[in-house]
Number of protein chains: 2
Amino acid sequence: MVTKKATLEASAKLVKSNRGRRKSSVALTREQIASAALTLLSERGIDAFSVRDLAKSLGVYPTAIYHHMATKNDLLAEVVAYALKDMEPPPQGQDWQTWFRELFHRYRSAVQAHPSVAPLIGARLVSNAGVGSDLIEHILTKLVEAGFSEDANIVEAFNVVIAAKVGFVTLELAPQPDELEDFEDMMRVRVNTVNVASYPLMARLLPLLANSAFMMRWENGVRRPMDDSFKAYVDVVIFGLERLRGEVSL
Amino acid sequence: MVTKKATLEASAKLVKSNRGRRKSSVALTREQIASAALTLLSERGIDAFSVRDLAKSLGVYPTAIYHHMATKNDLLAEVVAYALKDMEPPPQGQDWQTWFRELFHRYRSAVQAHPSVAPLIGARLVSNAGVGSDLIEHILTKLVEAGFSEDANIVEAFNVVIAAKVGFVTLELAPQPDELEDFEDMMRVRVNTVNVASYPLMARLLPLLANSAFMMRWENGVRRPMDDSFKAYVDVVIFGLERLRGEVSL
DNA sequence: ACCTGAACACCGTTCAAGT
DNA sequence: ACCTGAACACCGTTCAAGT
């Protein structure tokens with residue numbers, strides 16, 4: 001335990017506790033930068049995040065960051081990878097349905113732990129690059145197990161899985177606008193002034209939909225997790241994959 | 001046809017053709033601003049978009065924009081609404097499966113027509129507000145037709161539909177990084193240096209996956225539409241919804 | 001009501017210079 | 001190799017003043 005790695009962790013902790021004042025003369029690492037960036041992102045949100053503030057929190061000049069990261073985009077991609085690094089793939093030896101179910105749920109949990117990175121995933125091509133080859137190979141293996149193959153839609157099925165994995169969670173955890181209160185009021189009013197004559201179903205279902213359905217909520221998934229809907233979504237995807245497997249191959 | 005609306009369109013065209021030089025003394029409208037913003041967004045991408053450039057393209061001072069829009073976020077929400085305003089809901093009188101299939105395909109076509117707004121949808125809670133009540137009522141009606149109800153998962157089904165509608169397309173059309181060439185090269189290398197021993201499946205399927213699968217592509221859906229995968233995705237969602245309807249109600 | 005014009009408090013990023 | 005320090009060319013937004 002008392003190795004280079006331990007020493008590094010200790011110094012990292014030191015730097016972290018000295019926020020704003022960089023006493024240690026140990027060199028910065030990409031990981032330290034990513035970690036500090038994630039902290040800042042969580043505290044202030046994506047819109048308020050700046051390289052200059054990040055530098056300040058690390059006790060260095062803004063330009064020091066650019067010795068480790070090429071651009072701000074590069075930095076954000078690193079933050080995504082750092083935030084999701086603890087997501088472990090589901091254990092092997094389960095049927096493919098269970099495996100994919102767990103994959104989706106674990107991914108959601110990982111993003112829920114760092115919801116501030118949600119808008120960076122999926123909506124930017126860079127962050128895709130962060131996913132490891134291990135996970136890709138795993139997914140392909142399970143798809144073969146499910147009956148897909150080079151001659152039977154395995155590429156399509158793969159893309160369905162990835163889109164399904166990322167899609168719901170991105171929407172669920174989409175960040176709120178900065179002017180919180182105005183937005184809440186606006187949405188409350190909008191939702192509660194539904195014209196009963198024009199929109200009978202909407203009006204009747206209002207108690208169920210208000211602040212619980214996409215486009216009718218004023219709080220996002222951080223404050224109001226959509227657990228039941230996510231469960232239904234995962235069911236739909238698994239059921240659908242089961243049937244897709246049985247349909248025509250190319 | 002020769003109405004106020006036509007006059008408005010004519011004046012809008014005039015202003016548009018006078019890019020950078022605002023001869024007309026007619027007042028700006030939110031629609032003109034949104035239109036010009038969409039043009040700029042398409043030409044230069046979301047990262048290069050600024051209120052100041054938008055003002056320049058309209059021939060006004062940047063601060064003039066703020067007489068019509070509260071913030072840049074507000075403006076972007078307006079642009080999303082403007083870009084999607086031509087998306088017509090599927091015609092009525094079809095079975096619910098066909099209706100939802102068409103909804104998904106029409107939505108994709110609408111975003112494909114203005115792919116620069118893709119990263120603004122879903123990943124930001126503001127843009128959700130842009131969807132009209134008509135569409136929401138339509139979706140709910142079709143879900144009731146499908147067998148969902150207040151006592152049987154209609155909220156969950158609704159959220160599944162919305163997440164499905166937006167999810168895939170957001171990923172498919174996610175914008176490329178600015179430093180195009182570096183990224184292409186990086187991804188090409190990454191994809192072509194897959195370790196055959198560690199990742200046998202990935203290596204074998206490489207010809208099929210390269211530049212065609214999420215996380216293994218270096219061009220996005222604008223240049224490389226993922227038609228087959230989207231089709232499979234829609235199938236999966238419809239199949240899944242059919243079966244979800246039959247499962248346990250709450 | 002709608003826009004000008006000046007100003008404020010910031011940005012990301014480059015480059016030369018220090019150690 | 002890693003960081004400082006100064007500088008460049010921008011930002012979004014506020015506010016008073018004009019018409």
Side-chain angles (χ1 to χ4, degrees), chain A residues 4 8 11-12 14-15 18 20-34 36-37 40-41 44-79 120 124 126 175 177-180 182, chain B residues 8 11-12 15 18 20-34 36-37 40-41 44-79 120 124 126 175 177-180 182:
Chain A
K4 275 181 198 170
L8 210 87
S11 83
L14 190 78
V15 169
N18 282 347
R21 221 159 271 237
R22 182 174 161 75
K23 290 268 164 57
S24 153
S25 61
V26 178
L28 278 176
T29 65
R30 285 175 74 88
E31 201 182 351
Q32 279 168 38
I33 297 173
L40 223 58
L41 223 50
R44 316 226 260 259
I46 183 79
D47 290 324
F49 177 83
S50 79
V51 176
R52 291 175 109 106
D53 281 347
L54 172 60
K56 204 174 294 178
S57 88
L58 285 164
V60 299
Y61 273 65
T63 47
I65 307 283
Y66 286 85
H67 208 265
H68 301 268
M69 317 274 187
T71 65
K72 187 184 183 182
N73 257 318
D74 197 46
L75 163 65
L76 290 175
E78 193 82 16
V79 174
L120 298 172
R124 317 225 124 234
V126 221
D178 284 341
E179 323 87 358
L180 226 281
D182 298 1
Chain B
L8 210 86
S11 83
V15 169
N18 282 346
R21 222 158 271 239
R22 182 174 162 75
K23 291 266 164 58
S24 154
S25 61
V26 178
L28 278 176
T29 65
R30 285 174 74 87
E31 202 181 351
Q32 278 169 37
I33 297 173
L40 221 59
L41 222 50
R44 316 227 261 258
I46 183 79
D47 289 325
F49 177 82
S50 78
V51 176
R52 292 175 110 106
D53 283 346
L54 171 60
K56 204 174 293 176
S57 88
L58 284 164
V60 298
Y61 272 65
T63 48
I65 307 283
Y66 286 87
H67 208 265
H68 301 269
M69 316 274 187
T71 64
K72 186 184 183 182
N73 257 316
D74 198 45
L75 164 65
L76 290 175
E78 193 82 15
V79 175
L120 298 172
R124 317 227 124 233
V126 223
D178 285 340
E179 322 88 357
L180 227 281
D182 297 3

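Numbers restart at 1 for each chain; the letters A, B, ... are given by sequence-line order, proteins then strands. Fair warning: this is a prediction, and the values are worked out from it, not measured in the lab.
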Legend entry - Of the listed nucleotides dC15(D), dT14(C), dG12(D), the one nearest the side chain of Val51(B): dG12(D)
Inset, instruction - Could you check how far NE2 of His68(B) sits from P of dC2(C), rounded to whole Å? - result: 6 Å
Legend entry - Atom-pair distance (NE2 on His67(A); P on dT14(C)), nearest Å: 13 Å
Legend entry - Minimum-distance nucleotide to Leu28(A) side chain [options: dC15(D), dT14(C), dC3(D)]: dC3(D)
Inset, instruction - Write down the distance between CG (Leu76(A)) and C1' (dC11(C)), rounded to a whole number of angstrom. - result: 14 Å
Legend entry - dC11(C) phosphate, OP1 or OP2, under 4.0 Å from Ser50(A) side-chain N/O: yes
Inset, instruction - Could you check whether Asp53(A) gets within reach of a base, just the sugar-phosphate, or nothing at all, counting any heavy atom under 4.0 Å? - result: sugar-phosphate
Inset, instruction - Could you check how far CZ of Arg30(A) sits from P of dC2(D), rounded to whole Å? - result: 12 Å
Inset, instruction - Evaluate side-chain contact (heavy atoms from CB on, under 4.5 Å) for Met69(A) paired with Val79(A), printing each intermediate quantity in order. - result: CA-CA 11 Å; Met69(A) 317 274 187; Val79(A) 174; over 6 Å; no
Legend entry - Length of the CG-P vector between Leu40(A) and dC11(C), whole Å: 11 Å
Legend entry - Lys72(A) NZ to dG12(C) P, straight-line distance once rounded to whole Å: 4 Å
Inset, instruction - Verify side-chain contact (heavy atoms from CB on, under 4.5 Å) between Arg124(A) and Asn73(A), making sure each step is shown before the conclusion. - result: CA-CA 9 Å; Arg124(A) 317 225 124 234; Asn73(A) 257 318; 4.0 Å; yes
Inset, instruction - Quickly work out the Ile46(B) CD1 to dC11(D) P distance and round it to whole Å. - result: 14 Å
Inset, instruction - Counting Watson-Crick and G-U wobble pairs whose two distances are both under 3.5 Å, find the runs of 3 or more in a row that involve DNA chain D. - result: C:4-8 with D:12-16, C:12-16 with D:4-8
Inset, instruction - Please state whether the phosphate of dC3(C), meaning OP1 or OP2, lies under 4.0 angstrom from any side-chain nitrogen or oxygen of Tyr61(B). - result: no
Inset, instruction - Check every strand shown and say whether Asp47(A) touches a base, only sugar-phosphate, or nothing at a heavy-atom separation below 4.0 Å. - result: nothing
Inset, instruction - Please report, rounded to the nearest Å, how far the P atom of dG5(D) is from the CZ atom of Arg52(A). - result: 14 Å
Inset, instruction - Identify whether any heavy atom of Thr71(B) sits under 4.0 Å from a base atom; if not, whether one sits that close to sugar-phosphate; answer base, sugar-phosphate or nothing. - result: sugar-phosphate
Inset, instruction - Take atom C1' in dC10(C) and the same atom in dC8(D), then report the distance between them in whole Å. - result: 15 Å
Inset, instruction - Choose from dT4(D), dC2(C), dG12(D) the nucleotide whose nearest atom is closest to any side-chain atom of Ala27(B). - result: dC2(C)
